[in-house]
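Below is one structure; the comments refer to it alone.
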There are 2 protein chains.
Amino acid sequence: MINSRFTVAVHLLTLLSVARARDPEAPVTSEFAAESVSTNPVVVRRILGSMRRAGLVRSQPGPTGGWHLHREPDEISLRDVYRAVEDERLFSMHRQQPSADCPVGRNIQQALEGYFQEAEHAMEAKLGERTIADVAAEVTRYSGRLAG
Amino acid sequence: MINSRFTVAVHLLTLLSVARARDPEAPVTSEFAAESVSTNPVVVRRILGSMRRAGLVRSQPGPTGGWHLHREPDEISLRDVYRAVEDERLFSMHRQQPSADCPVGRNIQQALEGYFQEAEHAMEAKLGERTIADVAAEVTRYSGRLAG
DNA sequence: CTATCTGTAACGATCATAGTTACGGCCGGT
DNA sequence: ACCGGCCGTAACTATGATCGTTACAGATAG
């Protein structure tokens with residue numbers, strides 16, 4: 001299964017979205033976010049670093065620094081997040097190259113390639129239908145203070 | 001990404017399908033199949049064991065024993081194989097439970113659950129459109145002796 | 001200048017995967 | 001009845017991914 005980085009990334013962007021709705025200026029620090037996710041600030045910086053390279057967030061060092069969304073929440077789809085955090089293909093081929101002496105071994109990978117792409121694409125297309133704004137809306141249907 | 005068991009499982013069922021097309025009686029041994037996949041016979045038995053529990057193949061011990069398909073190749077979808085070999089969910093939630101003190105941490109998992117299910121379902125539905133017969137047909141478009 | 005952030009390297013703990021050895025059980029052929 | 005060849009499965013190991021952690025350099029507001 002897919003690692004938890006994707007889940008954490010969506011969590012973090014949702015946190016930024018909710019925080020911005022309350023105060024568009026105030027940044028969120030790695031430490032604050034880490035408490036919400038129950039992890040280490042370095043893990044947060046690593047994942048938000050991927051988001052930054054994908055243009056989804058921006059960061060500022062120094063005091064009063066921290067993280068901001070860099071796009072409207074309704075313009076960040078879950079597919080964008082997935083692509084930013086996951087560079088591997090969804091399905092793994094054989095670890096060892098199959099036997100070239102067997103017609104099945106020789107051709108199976110090429111045969112599967114297309115089917116795997118279709119399935120992966122269908123999954124991503126479904127993720128593309130939902131945005132961080134949707135997640136934030138669902139999360140904030142129940143009220144509560146924003147605390148770490 | 002998904003482990004290679006799924007790929008190997010499809011490979012093995014395709015091998016059984018092609019072998020049966022040449023001789024409906026002759027079983028395929030774990031050792032023969034292992035050579036096609038470039039792995040160990042025990043790995044083959046483990047994966048085909050899952051297929052047997054899912055009713056996709058049958059096995060027979062003793063000399064003249066080995067593995068047979070237990071369904072028509074066009075009645076085994078890639079989704080069937082996926083479900084037989086993969087019991088985990090596609091997306092992983094947080095390792096540590098997120099903070100209950102934060103409205104995002106408190107609600108994010110429930111919010112994501114539905115979206116993740118949709119995406120996983122879309123992927124499986126696409127896999128469900130293809131069968132072992134399709135893969136076997138593609139593999140055998142190029143001829144060749146069936147060798148390990 | 002200092003305090004407080006980010007950025008990133010480096011290391012370790014934990015876990016999943018899959019390769020390997022070993023051996024018990026089943027069964028066809030002699 | 002036995003032997004040989006197959007499956008079934010436990011047990012151990014090697015490898016690699018993941019993620020938590022420490023450490024420290026760089027940036028910047030006050």
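Per chain, numbering begins at 1; letters A, B, ... match sequence-line order.
Between D:dT18, D:dT22, C:dG19, one nucleotide has an atom nearer to the side chain of A:V42 than all others, and that is D:dT22.
A distance of 9.5 Å separates OG of B:S4 from CD of A:Q96, quoted to the nearest 0.5 Å.
Atom CD of A:E88 and atom C1' of D:dA17 are 10 Å apart (whole Å). Rounded to an integer number of Å, the gap from A:I47 CD1 to C:dT8 P is 15 Å. Following rounding to the nearest Å, B:R58 (CZ) and C:dC27 (C1') show an atom-to-atom distance of 15 Å. The CZ-C1' distance, from B:R53 to D:dT9, rounds to 10 Å in whole Å. Rounding to whole angstrom units, NE2 of residue A:H94 and P of C:dA18 are separated by 11 Å.
By the 30° and 60° cut-offs, the orientation of the rings of B:F6 relative to A:F91 is tilted.
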Just the atom pairs and distances: protein N or O near nucleotides 4-7 of chain D's N or O, under 3.5 Å.
{"from": "D:dC6", "atom 1": "O4'", "to": "B:G62", "atom 2": "O", "distance (Å)": "3.4"}
{"from": "D:dC6", "atom 1": "O2", "to": "B:G62", "atom 2": "N", "distance (Å)": "3.2"}
{"from": "D:dC7", "atom 1": "OP1", "to": "B:S30", "atom 2": "N", "distance (Å)": "2.9"}
{"from": "D:dC7", "atom 1": "OP1", "to": "B:S30", "atom 2": "OG", "distance (Å)": "3.1"}
{"from": "D:dC7", "atom 1": "OP1", "to": "B:W67", "atom 2": "NE1", "distance (Å)": "3.1"}
{"from": "D:dC7", "atom 1": "OP2", "to": "B:S30", "atom 2": "OG", "distance (Å)": "3.0"}
{"from": "D:dC7", "atom 1": "O3'", "to": "B:S59", "atom 2": "OG", "distance (Å)": "3.4"}

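Heavy-atom contacts from other residues, nucleotides or ligands closer than 6.0 Å to CD of A:Q110 number 12 or fewer.
Evaluated for a salt bridge (Lys or Arg N to Asp or Glu O under 4.0 Å) with A:R83, the options A:E88, A:E124, A:E120 yield exactly one hit, A:E124.
Across all strands shown, A:R5 has heavy atoms under 4.0 Å from sugar-phosphate atoms exclusively, and none from any base.
A:R95 contributes no side-chain N or O that forms a donor-acceptor pair with the base of D:dG16 under 3.5 Å.
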